[in-house]
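Have a look at the structure below before the remarks.
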Amino acid sequence: MTSRKLAVIVLAAGMGTRMKSALPKVMHPIAGRPMISHLMDTVSGLAPDRMVVVVGPDMERIGAAVAPVPTVVQTERLGTGHAVAQARAALEGFDGDVLVLYGDTPLITRPTLERLLAERRSPRDPAVVVLGFKPDDPGHYGRLVVGAEGLKAIIEYRDATDEQRENPLCNSGVMAIDGARLWSLIDRVDNKNAKGEYYLTDVVALARGDGACCSHEEGDPTELLGINSRAEQAVAEAVLQRQLRERAMEGGATLADPATVWFSWDTRLGQDVVVGPHVVFAPGVTVGNGVVIKGFCHFEGCDVADGATVGPFARLRPGAEIGEAAHIGNFVEIKKAVVEAGAKVNHLTYIGDARIGAGANIGAGTITCNYDGFNKSFTDIGKGAFIGSNTALVAPVKVGDGAIIGAGSVITKEVGPGALAVARGSQMELKGWADRFRAQHSKKEG
Ligand code: UD1
Ligand code: MG
């Protein structure tokens, strides 16, 4: 039976009105990427033969997020049953198993989906298998009505009696349906219910009416959380963050205070990484082995090589590449720049569009002046160079290997290897001037 073909329909056309947002609901991020992208990744692990995402009008952004998976547009949002009907042409001629997923239920895992499919492919041959769960707060979820002979119906909350609402077994929205029977069921779904919508959930009672059997599997509530509001989005975020922290620790990282470290879905930490409190990993960050990250750092789109030390209070922006055993200290911002092995940028510095050669030392307060209001320009600092404190490097500019720049310099021209460059007003001294000045003033006041 496992050789049966698989098609997946993801429903994502809903407005998500409870989010009160201009952004389609399924595009709201959790752990740094749209919730639908989490789902698409999980589903692609099943290697489906066909896949289609149902979106609403003006939701091109979803199309871009799920590409190359095709989308179909549900012009009028008449309910989940109507949404599935829109996928009919895309599934033309398909009679394998059809998995229907909701784009707002992104935490579901592959083993759970596999369990649902295995049940669908069992000798009982259920027309519809529904994934149920028992959340702490069943709230407004639909309820599964189960009898001795299996799943009988799904009753939507709004249509349920008080007694039916007491039932703790909820509908996650996820279903595995026999593709050979799907369209005949969908064709008969009507909208005679409290919401006036075509409910996908009605296919269960319709299949039972045809004499077919239906069944359910029970899943883990944390996986099946449906996100309809910002508060539910925050709950999903917390679930994912907990998982990502556990994954980092299992991978050999120490998190001094795990609850204060924020990860993205793709954060990669090596072994023996130590992360202090209050650190944020925005998307696209890779950290090598033995890296020490002190508290209050922010990372995004950057790589940190083995043995480097970062922070506290450092900000690594996209394109920052920190070499082996390099030191990035407090109040340092690095953007689109390579800091080579062993270089030190320890205090109060901005490095953007630059290369800092191996072993170079960048003094406190150094700024690469990379932007003239129109263009970005490059600063190249050779290996072993020493940049004195409070130097402004006006790009494009180059400092040769081993050169020394005097503190407070404004460097606008190339400095050769091994040279000293000092570019500041020269010091003058007027002997006794301060004493005379004070004396004059004290006479006036007296
Ligand atoms: C739905 C289920 C409910 C279940 C809950 C689980 C129905 C009728 N109800 O309710 O039993 O407990 O999910 O989270 O299915 N969508 C479309 N087109 C539409 C309407 C919805 O594509 O016309 C999409 C939405 O984008 C969303 C999904 O379908 O991804 C579910 O829609 P939503 O409005 O959130 O349904 P719920 O009220 O949560
Ligand atoms: Mg929902």
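All residue numbers in this chain count up from 1 along the given sequence. We count ligands from 1, going down the list as the structure has it; atoms in each ligand are counted the same way.
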request  = Considering only non-hydrogen protein atoms, determine which one is nearest to atom 22 (O) of ligand 1 and report residue, atom name and distance to 0.1 Å.
outcome  = Ala13 N, 2.9 Å
key: Trace of the salt bridge (Lys or Arg N to Asp or Glu O under 4.0 Å) decision for Lys25 with Asp104   = CA-CA 7 Å; Lys25 174 166 73 174; Asp104 68 351; 2.9 Å; yes
query = Does His82 come within less than 4.0 Å of ligand 1, judged by its heavy atoms?
reply = no
Proximity to ligand 1 by part of Gln74, non-hydrogen separation under 4.0 Å = side chain
note = If you scan protein heavy atoms around atom 26 (O) of ligand 1, the nearest is Gly14 N, 2.7 Å
task = Tell me which protein heavy atom sits closest to atom 23 (O) of ligand 1, plus the residue, atom name and distance to 0.1 Å.
result = Gly79 N, 2.9 Å
message = If we only consider heavy atoms of Lys25, is any one of them less than 4.0 Å away from an atom in ligand 1?
response = yes
query = Which protein non-hydrogen atom lies closest to atom 32 (O) of ligand 1, naming both residue and atom, and how far is it?
reply = Thr80 CG2, 4.0 Å
query = Does ligand 1 have a heavy atom under 4.0 Å from the side chain of Asn228, from its backbone, from both, or from neither?
reply = side chain
query = Near the Mg ion (ligand 2), is there an N/O/S atom from Tyr102 that is less than 2.8 Å away?
reply = no
query = Taking 4.0 angstrom as the limit, do Arg317 and Glu300 come out as a salt bridge?
reply = no
ask   = Do you see a protein non-hydrogen atom under 4.0 Å from atom 37 (P) of ligand 1?
value = no
request  = Flag atom 34 (O) of ligand 1 as yes if some protein heavy-atom distance to it falls below 4.0 Å, otherwise no.
outcome  = no
query = If you measure from each heavy atom of Gly103 to ligand 1, is any distance below 4.0 Å?
reply = yes
key: Name of the residue among Arg124, Glu119, Arg120 meeting side chain to side chain donor-acceptor pair (under 3.5 Å) with Ser215   = Glu119
message = Could you identify the single nearest non-hydrogen protein atom to atom 14 (O) of ligand 1 and state the distance to 0.1 Å?
response = Tyr141 CE2, 3.6 Å
task = Answer yes if a protein heavy atom lies under 4.0 Å from atom 11 (O) of ligand 1, otherwise answer no.
result = yes
request  = Quick one: look up the protein heavy atom nearest atom 4 (C) of ligand 1 and list residue, atom name and how far away it is.
outcome  = Asn171 O, 3.2 Å
request  = Could you check which N/O/S atom of Asp104 is closest to the Mg ion (ligand 2)?
outcome  = OD2
key: Tyr157 six-ring face occupied by Arg143 cation (under 6.0 Å, within 45°)   = no
request  = Flag the pair Asp210 and Arg188 as a salt bridge only when some basic side-chain nitrogen lies within less than 4.0 angstrom of an acidic carboxylate oxygen.
outcome  = yes
